[in-house]
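For reference, the structure is listed below as structure tokens.
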2 protein chains.
Amino acid sequence: MLKISELAAKTGLSAHTIRFYEKHDLIRASERSEAGYRYYNDSDIRRAEFVKTARNIGFSLEDISQLLSIRVDKTSHSCQEVTDITQHKLDEVNEKLSELESMQNTLQILLKSCCGGPEKATHCSIIEALDAGAVVKNRSAA
Amino acid sequence: MLKISELAAKTGLSAHTIRFYEKHDLIRASERSEAGYRYYNDSDIRRAEFVKTARNIGFSLEDISQLLSIRVDKTSHSCQEVTDITQHKLDEVNEKLSELESMQNTLQILLKSCCGGPEKATHCSIIEALDAGAVVKNRSAA
DNA sequence: TATAAGCTTAGAGCTGACTCTAAGGTCAAC
DNA sequence: GTTGACCTTAGAGTCAGCTCTAAGCTTATA
Ligand SMILES: [Zn+2]
Ligand SMILES: [Zn+2]
Ligand SMILES: [Zn+2]
Ligand SMILES: [Zn+2]
């Protein structure tokens with residue numbers, strides 16, 4: 001049985017965050033001391049670590065909530081439900097990756113074009129490019 | 001001279017967003033009608049388009065604010081200041097890219113491991129992996 | 001027994017970039 | 001001369017995921 005600060009130490013989540021997750025029904029403390037202190041048993045701890053792992057991977061709290069309800073009643077859920085959540089997350093990640101790669105590309109091109117020196121910015125090609133509407137929407141080999 | 005809705009149509013920003021940007025001193029309306037309507041002259045329009053371009057590239061409003069103050073007084077600023085902002089943004093982008101690539105990798109591995117079928121999730125290897133603390137922190141060839 | 005560290009709660013505050021609302025004034029067209 | 005589209009403002013609300021505060025108990029240590 002761990003107290004909240006011990007669970008915090010074990011998971012790397014802050015006590016604040018653990019309480020916040022409890023509000024959202026992600027983490028549970030099966031027991032309370034007479035004074036109201038939270039106590040986490042092995043099952044609670046495993047659940048908290050599941051949450052931590054899922055969060056580290058990048059799942060949203062809403063995703064984690066769904067994954068948890070599958071986890072606690074596996075026979076009522078299918079592998080497909082799990083892959084749906086995972087695939088949807090992967091799609092999101094891929095979309096953000098595209099955006100970021102495009103930004104990366106544009107920024108690299110801008111940086112290459114500018115001397116970067118201590119000269120006055122009157123001739124700065126980055127400023128010029130922005131003025132000219134330089135949206136390099138290029139998506140080639142990253 | 002454009003009215004706000006015309007500038008909105010021209011830039012693709014909403015009138016709300018234009019007013020919001022004005023609050024943050026990114027976009028300006030040099031003139032107002034007697035009734036208080038905003039009117040944008042050519043210089044205002046060019047500034048708005050600069051803002052739009054910079055935003056599309058991914059610069060934060062704070063970055064854009066700095067880029068604008070360079071733009072309006074180029075002789076008081078150097079190319080280096082411009083590259084500093086740009087490089088800093090690129091560093092941010094690269095960091096987010098790393099995180100997302102790591103997430104992508106993990107999600108792909110998880111998806112490969114799961115049958116994705118209509119079977120009960122009792123044997124689901126994604127759930128198992130999350131339970132086992134499956135943090136694939138792998139950063140190899142994307 | 002006293003001090004400090006740790007726990008409790010409801011609820012407010014933070015970030016960034018919008019997005020919208022309410023209540024009203026203005027303007028062009030028919 | 002009225003309908004309806006457009007404009008104004010200050011300020012509130014939205015999103016996700018925390019993060020912190022205040023005020024007051026509890027527990028462990030010295
Ligand atoms: Zn230069
Ligand atoms: Zn330059
Ligand atoms: Zn399966
Ligand atoms: Zn499965």
Side-chain angles (χ1 to χ4, degrees), chain A residues 1-40 44 48 51-68 85 88-89 92-93 95-96 99-100 103, chain B residues 1-40 44 48 51-68 85 88-89 92-93 95-96 99-100 103:
Chain A
M1 296 293 246
L2 301 184
K3 280 195 284 188
I4 195 164
S5 63
E6 293 164 335
L7 182 65
K10 183 148 194 170
T11 58
L13 302 168
S14 76
H16 277 305
T17 298
I18 292 171
R19 288 190 203 98
F20 171 78
Y21 282 1
E22 184 182 288
K23 243 189 259 174
H24 294 273
D25 207 29
L26 300 181
I27 288 181
R28 285 171 186 162
S30 300
E31 296 197 40
R32 293 279 189 136
S33 75
E34 289 196 359
Y37 284 27
R38 289 167 177 82
Y39 279 96
Y40 299 91
D44 296 333
V51 169
K52 170 75 179 326
T53 300
R55 194 203 64 168
N56 280 353
I57 289 171
F59 284 109
S60 69
L61 303 192
E62 173 56 30
D63 291 335
I64 296 172
S65 173
Q66 290 185 50
L67 290 170
L68 281 169
I85 294 167
H88 181 256
K89 187 72 207 171
E92 267 179 36
V93 166
E95 190 158 338
K96 276 191 205 146
E99 285 169 24
L100 284 170
M103 286 170 53
Chain B
M1 297 292 245
L2 301 184
K3 279 194 284 188
I4 196 166
S5 64
E6 293 163 335
L7 183 65
K10 182 149 194 170
T11 58
L13 302 168
S14 76
H16 277 304
T17 299
I18 291 170
R19 288 191 203 99
F20 171 77
Y21 282 0
E22 184 182 288
K23 240 189 264 175
H24 293 273
D25 208 28
L26 301 182
I27 287 181
R28 285 170 187 165
S30 300
E31 298 196 38
R32 292 279 190 137
S33 75
E34 289 196 357
Y37 285 26
R38 289 166 176 83
Y39 280 96
Y40 300 91
D44 296 334
V51 169
K52 169 76 178 325
T53 300
R55 192 203 66 168
N56 279 353
I57 289 171
F59 284 110
S60 69
L61 303 193
E62 174 56 32
D63 291 335
I64 296 173
S65 173
Q66 290 184 50
L67 291 170
L68 280 169
I85 295 167
H88 181 257
K89 186 73 208 172
E92 267 179 36
V93 166
E95 190 158 337
K96 276 190 204 146
E99 285 169 23
L100 283 171
M103 285 171 55

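Protein chains get the first letters and strands the later ones, always in sequence-line order, with residue 1 at the start of each.
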Of all the choices, [options], which nucleotide is nearest to the side chain of [X] once you look at every atom?
X	options	answer
A/Y21	D/dC18, C/dT19, C/dG11	D/dC18
A/S5	C/dT9, C/dG6, D/dC18	C/dG6
B/Y37	D/dG17, D/dT27, D/dC6	D/dC6
A/T17	D/dC18, C/dA17, D/dC7	D/dC18

Could you state the atom-to-atom distance from CD of A/E62 to P of D/dC15 in whole Å?
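Going from A/E62 (CD) to D/dC15 (P), I get 13 Å.
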Taking any heavy-atom pair under 4.0 Å as a contact, classify B/Y39: base, sugar-phosphate, or nothing.
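B/Y39: no heavy atom of the nucleic acid under 4.0 Å.
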If you look at every strand shown and take non-hydrogen atoms under 4.0 Å, does A/S60 touch a base, only sugar-phosphate, or nothing?
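Sugar-phosphate, no base atom in range.
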So does [X] get a side-chain nitrogen or oxygen closer than 4.0 Å to the phosphate oxygens (OP1/OP2) of [N]?
X	N	value
B/R32	D/dT9	yes
B/R19	D/dC6	no
A/R55	D/dC18	yes
A/R38	C/dT8	yes

Salt bridge or not for B/R19 and B/E22, using N-O below 4.0 Å?
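No, no charged N to carboxylate O under 4.0 Å.
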Is the NE2 atom of A/H24 crowded by more than 12 outside heavy atoms at less than 6.0 Å?
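Yes, enclosed.
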Just checking B/E95: does its CD atom have more than 12 heavy atoms from other residues, nucleotides or ligands closer to it than 6.0 angstrom?
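Counting other residues, nucleotides and ligands, CD of B/E95 stays at 12 neighbours or fewer.
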Report the residue (A/H16 or B/A35) whose heavy-atom-nearest nucleotide on DNA chain C is the more 5′ of the two.
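Nearest nucleotide further toward 5': that of A/H16.
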